[in-house]
Structure formats: structure tokens, C-alpha cells
Amino acid sequence: MEDKSRTFQQAVYAVVRRIPEGRVATYGQVAALAGRPGAARQVGYALAAAPRELGLPWQRVINAHGEVSRRADPGDEEYQRLLLQAEGVVFDERGRVALSRYRWQV
DNA sequence: TTTATGGCTGTCA
DNA sequence: ATGACAGCCATAA
């Protein structure tokens, strides 16, 4: 895979892989870092199609509200929360995390 | 090339 | 705070 010809999807993967454990990033943030500001939806779309075999920390990507986005399978939604909590990320009663505190800063 | 589809995001009522 | 709406944009048909 070459630098120029790499797909947006691959760029997203590269960014997500850099998110430290115990930290989270928003879709919009990932899109911007991937070089495509405004392509937040595509980030979610790309992650939804991402094979787990890649060991991608997709659970660290959440929406701008600081909550886990609604998924087709509610089970994955819960799984994502579990993974994050296992990393030390705390959710409040509303099921949201304090972005001001856990947001990944480059 | 045009359409349809979304793990989104701001803005406004 | 919540819900509706309209932009945004890469992929697959």
C-alpha cells in the first residue's frame, strides 16, 4: 500500500491505532487527523467494516457527545463500553464519558 | 457519472 | 437537555 494511493479507510486505521489506551477520540477528530475533516460519518462507516483481526482499538472512537454511538447490534454497543471501562475510562449515569478528561490530545 | 447509504456533527426550536 | 434538520463525504452499485 502506497502513501498516496492509500484509501481514506486505511488512513483512519492508522490514526485509530495511535489512540493511547484509556483515551478516546471523536469520529470528527479521527477524520481530521486522517486528512479528511468533515468525514466523520465515513470514519464510523470504515470502522464498522473493519475486521477485528486487525486488533484495531475501534472502541476508543466515540461521538462528539462523549457517548457510544448507536449501532445496528446493541450488543456491540455494550461490548464497546466494557472494553473502555476495562481501560479505565469511566462512564456516568447517562452512559457518557468526560471528553474534557479522556479526549486524546495530539 | 449519479444514487444511495451511513457507529457523525453542528445549529435551531 | 432533547429532537428534527441539513450539511459533510468516502464507498459501493
Side-chain angles (χ1 to χ4, degrees):
Chain A
M1 14 173 128
E2 311 80 286
D3 300 13
K4 283 309 216 171
S5 60
R6 76 176 168 186
T7 63
F8 169 73
Q9 183 177 67
Q10 293 176 317
V12 168
Y13 292 169
V15 171
V16 173
R17 253 188 282 269
R18 301 196 339 243
I19 305 176
E21 186 179 312
R23 287 305 192 83
V24 297
T26 67
Y27 294 98
Q29 184 180 2
V30 172
L33 291 175
R36 262 342 188 244
R41 275 184 102 154
Q42 276 48 245
V43 172
Y45 194 48
L47 292 182
R52 308 190 169 192
E53 291 73 56
L54 291 179
L56 210 61
W58 56 273
Q59 71 273 20
R60 295 176 190 151
V61 184
I62 59 182
N63 66 30
H65 292 344
E67 49 192 12
V68 173
S69 294
R70 288 294 217 82
R71 308 220 30 321
D73 182 351
D76 288 341
E77 216 171 300
E78 188 181 316
Y79 178 50
Q80 179 170 11
R81 277 201 304 279
L82 290 175
L83 289 174
L84 288 177
Q85 293 179 330
E87 296 183 356
V89 176
V90 178
F91 288 78
D92 64 11
E93 299 273 326
R94 295 292 231 51
R96 300 189 308 186
V97 310
L99 281 179
S100 57
R101 178 176 173 181
Y102 296 105
R103 186 172 194 198
W104 174 42
Q105 334 227 346
V106 278

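Everything quoted here is computed from the prediction, not taken from an experiment. Basis for what follows: all heavy atoms, side chains included, without hydrogens, waters or symmetry-related copies. So that the names make sense, note that chain A is the first sequence line, chain B the second, and so on, each numbered from 1.
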Asker: Need one value for A:V61: base, sugar-phosphate or nothing, where a base atom within 4.0 Å counts as base even if backbone is also close, heavy atoms only.
Answerer: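 Answer is base: heavy atoms of A:V61 come under 4.0 Å of a base.
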
Asker: A:Q9 near the nucleic acid: base, sugar-phosphate alone, or nothing, with a heavy-atom cut-off under 4.0 Å?
Answerer: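 Sugar-phosphate: the residue A:Q9, judged by heavy atoms under 4.0 Å, touches backbone atoms but no base.
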
Asker: Could you tell me the separation between the CG atom of A:L47 and the C1' atom of C:dA10, rounded to a whole number of Å?
Answerer: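 In whole Å, C:dA10 C1' and A:L47 CG are 13 Å from each other.
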
Asker: Taking 4.0 angstrom as the limit, do A:R52 and A:D76 come out as a salt bridge?
Answerer: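 Judged by the 4.0 Å cut-off on N to carboxylate O distance, A:R52 and A:D76 do form a salt bridge.
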
Asker: Choose from B:dG7, C:dC9, C:dT11 the nucleotide whose nearest atom is closest to any side-chain atom of A:A39.
Answerer: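 My answer, after comparing the listed nucleotides, is C:dC9.
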
Asker: Please find the pair of heavy atoms, one from A:F8 and one from A:A39, that lie closest to each other, and give the distance.
Answerer: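 Minimum heavy-atom contact is CZ-CB, 3.8 Å.
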
Asker: Answer with base, sugar-phosphate or nothing: what part of the nucleic acid does A:R71 contact at a heavy-atom distance below 4.0 Å?
Answerer: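 Answer is base: heavy atoms of A:R71 come under 4.0 Å of a base.
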
Asker: Could you work out the separation of B:dC12 and C:dC8 based on their P atoms and round it to a whole Å?
Answerer: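 My reading of the P atoms in B:dC12 and C:dC8 gives 15 Å.
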
Asker: What contact category does A:A64 fall into here, base, sugar-phosphate, or nothing, at under 4.0 angstrom with non-hydrogen atoms?
Answerer: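 If one applies the 4.0 Å heavy-atom cut-off, A:A64 turns out to touch the sugar-phosphate alone, with no base involved.
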
Asker: From the options B:dC8, C:dA1, C:dT11, select the nucleotide whose nearest atom is closest to the side chain of A:R96.
Answerer: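 So the nucleotide nearest the side chain must be C:dA1.
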
Asker: Which part of the nucleic acid does A:Y27 contact within heavy-atom distance under 4.0 Å: base, sugar-phosphate only, or nothing?
Answerer: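 Counting heavy atoms under 4.0 Å across all strands, the contact made by A:Y27 includes a base.
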
Asker: In this structure, how many angstroms lie between the C1' atom of B:dC8 and the CZ atom of A:F8, rounded?
Answerer: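 A:F8 atom CZ is separated from B:dC8 atom C1' by 11 Å.
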
Asker: Does any nucleotide pair with C:dA10 by Watson-Crick or G-U wobble geometry, both distances under 3.5 Å, and what is it?
Answerer: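 Checking every strand shown, C:dA10 finds its partner in B:dT5, with both distances under 3.5 Å.
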
Asker: Which one, B:dG7, C:dC9, C:dT11, comes nearest to the side chain of A:S69?
Answerer: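 That would be B:dG7.
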
Asker: Checking salt bridge (charged side-chain N to carboxylate O under 4.0 Å, His left out) for the pair A:E87/A:R23: CA distance, chi angles, key distance, verdict?
Answerer: CA-CA 8 Å; A:E87 296 183 356; A:R23 287 305 192 83; over 6 Å; no

Asker: Measure across A:W104 and A:A25 and return the closest heavy-atom pair with its distance rounded to 0.1 Å.
Answerer: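 Result for this residue pair: CE3-CB, 4.2 Å.
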
Asker: How many whole angstroms separate atom NE2 of A:H65 from atom P of C:dA1?
Answerer: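 Taking atom P of C:dA1 as the reference, NE2 of A:H65 is at 10 Å.
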
Asker: Are A:V89 and A:V68 connected in a single hydrophobic cluster, I mean Ile/Leu/Val/Met/Phe/Trp/Tyr linked by side-chain heavy atoms less than 4.5 Å apart?
Answerer: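 As far as the 4.5 Å side-chain criterion goes, A:V89 and A:V68 are connected within one cluster.
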
Asker: Can you measure A:R70 atom CZ to B:dT9 atom P for me and round it to whole angstrom units?
Answerer: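 Taking CZ of A:R70 and P of B:dT9, I get 15 Å after rounding.
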
Asker: For C:dT2, does OP1 or OP2 lie under 4.0 Å from any side-chain N or O of A:R94?
Answerer: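 It does, given that an N or O in the side chain of A:R94 lies less than 4.0 Å from OP1 or OP2 of C:dT2.
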
Asker: In whole angstrom, give the distance that lies between atom OH of A:Y45 and atom P of B:dT9.
Answerer: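 Those two atoms, OH and P, are 18 Å apart.
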
Asker: Once you round it to whole Å, what is the distance between P of B:dC8 and CG of A:L99?
Answerer: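 Result: 14 Å.
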
Asker: Closest-nucleotide mapping onto DNA chain C: is A:R41 or A:R36 further toward the 5' terminus? I mean the 5' end.
Answerer: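 Looking at the nearest nucleotide for each, A:R41 comes out on the 5' side.
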
